[in-house]
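Presented below is the structure to which this report refers.
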Amino acid sequence: MLTIGQLAQSCGVPTSTIRFWERRGLLAPDARQSGQRRYDERARVEVALLKLCQDAGFTLAEIGRFAEHRNSGRLIWRDMVKDKILDVEENLRRLHKAHDMLGHALNCPHEDITECPLFQEAVGHRLGPGGPTPEQTASQD
């Protein structure tokens with residue numbers, strides 16, 4: 001049996017994380033011995049699973065729902081994974097757009113990026129319909 005410190009160290013997480021996961025119902029101590037939490041090898045697997053889910057982009061709330069349904073025998077995890085894939089794909093689109101914009105900013109021939117037509121167009125899109133254009137804002141100064 002492992003103490004909370006041993007479990008945390010063997011899994012590469014702080015003890016506060018283990019306690020937080022316990023409060024959220026995501027991890028349960030196997031037993032208490034002299035008032036201390038004790039964990040068996042199964043807890044290390046559960047911690048690794050929690051970390052893997054977080055690495056995949058799942059929130060703690062989503063991981064909790066996943067665990068609830070896993071324990072209930074309902075196999076909705078595939079739907080949860082499909083939804084997460086859609087989220088990841090959207091994040092990838094935003095990251096690619098940010099990468100392209102940053103790449104352009106780095107190589108833009110304009111000394112002042114706010115004078116760049118591509119930058120002005122991007123700002124205009126962020127303002128939405130009916131908002132002032134960057135040129136209108138600049139002319140008010």
Side-chain angles (χ1 to χ4, degrees), residues 1-138 140-141:
M1 298 290 272
L2 301 168
T3 65
I4 190 169
Q6 291 167 330
L7 175 65
Q9 184 177 13
S10 71
C11 295
V13 298
T15 57
S16 59
T17 298
I18 302 290
R19 288 186 190 99
F20 180 75
W21 287 340
E22 286 180 1
R23 284 192 306 272
R24 296 285 304 257
L26 300 171
L27 182 68
D30 290 321
R32 287 196 178 256
Q33 192 174 48
S34 301
Q36 289 185 326
R37 295 168 171 91
R38 298 294 178 175
Y39 305 86
D40 65 13
E41 189 62 28
R42 187 178 63 240
R44 292 183 72 233
V45 173
E46 289 295 317
V47 169
L49 179 61
L50 283 166
K51 290 173 62 176
L52 181 65
C53 288
Q54 286 182 316
D55 290 347
F58 286 99
T59 65
L60 291 179
E62 291 168 331
I63 295 169
R65 283 195 304 276
F66 174 79
E68 286 173 22
H69 293 294
R70 186 180 73 169
N71 294 335
S72 73
R74 292 175 49 208
L75 297 177
I76 68 155
W77 65 268
R78 288 184 191 276
D79 292 333
M80 293 178 71
V81 169
K82 287 176 187 175
D83 290 343
K84 186 53 63 179
I85 287 173
L86 293 174
D87 290 345
V88 168
E89 288 172 349
E90 178 58 31
N91 286 336
L92 284 172
R93 277 191 291 280
R94 282 196 305 270
L95 286 170
H96 284 296
K97 187 175 179 178
H99 181 270
D100 291 346
M101 186 61 74
L102 291 169
H104 174 77
L106 193 59
N107 296 308
C108 183
H110 292 86
E111 192 66 33
D112 180 355
I113 191 69
T114 62
E115 295 174 2
C116 172
L118 183 64
F119 178 81
Q120 290 176 354
E121 181 182 336
V123 170
H125 284 292
R126 297 297 289 172
L127 291 172
T133 66
E135 298 88 358
Q136 291 169 333
T137 305
Q140 293 174 359
D141 293 336

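Excluded from the calculations below are hydrogen atoms, water molecules and symmetry mates; all remaining heavy atoms, backbone and side chain alike, are included.
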Straight-line distance of [X] [atom1] to [Y] [atom2], nearest 0.5 Å:
| X | Y | atom1 | atom2 | value |
| --- | --- | --- | --- | --- |
| Thr15 | Arg37 | OG1 | CZ | 9.0 Å |
| Ile113 | Leu118 | CD1 | CG | 8.0 Å |
| Glu46 | Leu50 | CD | CG | 6.5 Å |
| Met101 | Phe119 | CE | CZ | 8.0 Å |
| Glu22 | Tyr39 | CD | OH | 3.5 Å |
| Trp21 | Leu26 | CH2 | CG | 8.5 Å |

* Asked: Excluding sequence neighbours, so at least two apart, what forms side-chain contact (heavy atoms from CB on, under 4.5 Å) with Cys53?
  ->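 If we apply the side-chain contact (heavy atoms from CB on, under 4.5 Å) test to Cys53, skipping adjacent residues, the hits are Leu49, Phe58, Ile63.
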* To do: Just jot down the side-chain contact (heavy atoms from CB on, under 4.5 Å) partners of Lys97, sequence neighbours excluded, or say none.
  =>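 Testing Lys97 for side-chain contact (heavy atoms from CB on, under 4.5 Å), a comparison that skips the adjacent residues, returns none.
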* Going through the checks in order, is the side chain to side chain contact (heavy atoms under 4.5 Å, CB included) test met by Lys51 and Val13? -> CA-CA 9 Å; Lys51 290 173 62 176; Val13 298; 3.7 Å; yes
Under a 4.5 Å cut-off applied to non-hydrogen side-chain atoms, are [X] and [Y] in contact?
| X | Y | result |
| --- | --- | --- |
| Cys116 | Glu121 | no |
| Ile85 | Lys82 | no |
| Leu2 | Arg38 | no |
| Gln120 | Val123 | no |
| Lys84 | Met80 | no |

* Asked: Given the rule in the side chain to side chain contact (heavy atoms under 4.5 Å, CB included) test, do Leu106 and Leu102 qualify, once you have shown the distances and angles that lead to the verdict?
  -> CA-CA 6 Å; Leu106 193 59; Leu102 291 169; over 6 Å; no
* Exercise: identify the closest heavy-atom pair between Gly57 and Glu62 ->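 Here Gly57 and Glu62 meet closest at O-OE1, 4.0 Å.
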* Spell out, as yes or no, whether a donor-acceptor pair under 3.5 Å connects the side chain of Gln54 to the backbone of Leu60. =>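 No; judged by distance alone, with no hydrogens or angles, the pair does not exist.
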* Is the side chain of Gln6 donor-acceptor paired with the backbone N or O of Thr3 at a distance under 3.5 Å, no angle test? ->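 Such a contact is found between Gln6 side chain and Thr3 backbone.
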* Looking only at side chains, do Arg44 and Ser10 share a donor and an acceptor under 3.5 Å apart? ->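 Present: a donor and an acceptor within the cut-off.
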Please say whether more than 12 non-hydrogen atoms of neighbouring residues, nucleotides or ligands are located less than 6.0 Å from [atom1] in [X].
| X | atom1 | answer |
| --- | --- | --- |
| Arg126 | CZ | no |
| Gln9 | CD | no |
| Glu111 | CD | no |

* **Under-4.0 Å salt bridge between Arg93 and Glu90** =>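 So Arg93 pairs with Glu90 through a salt bridge.
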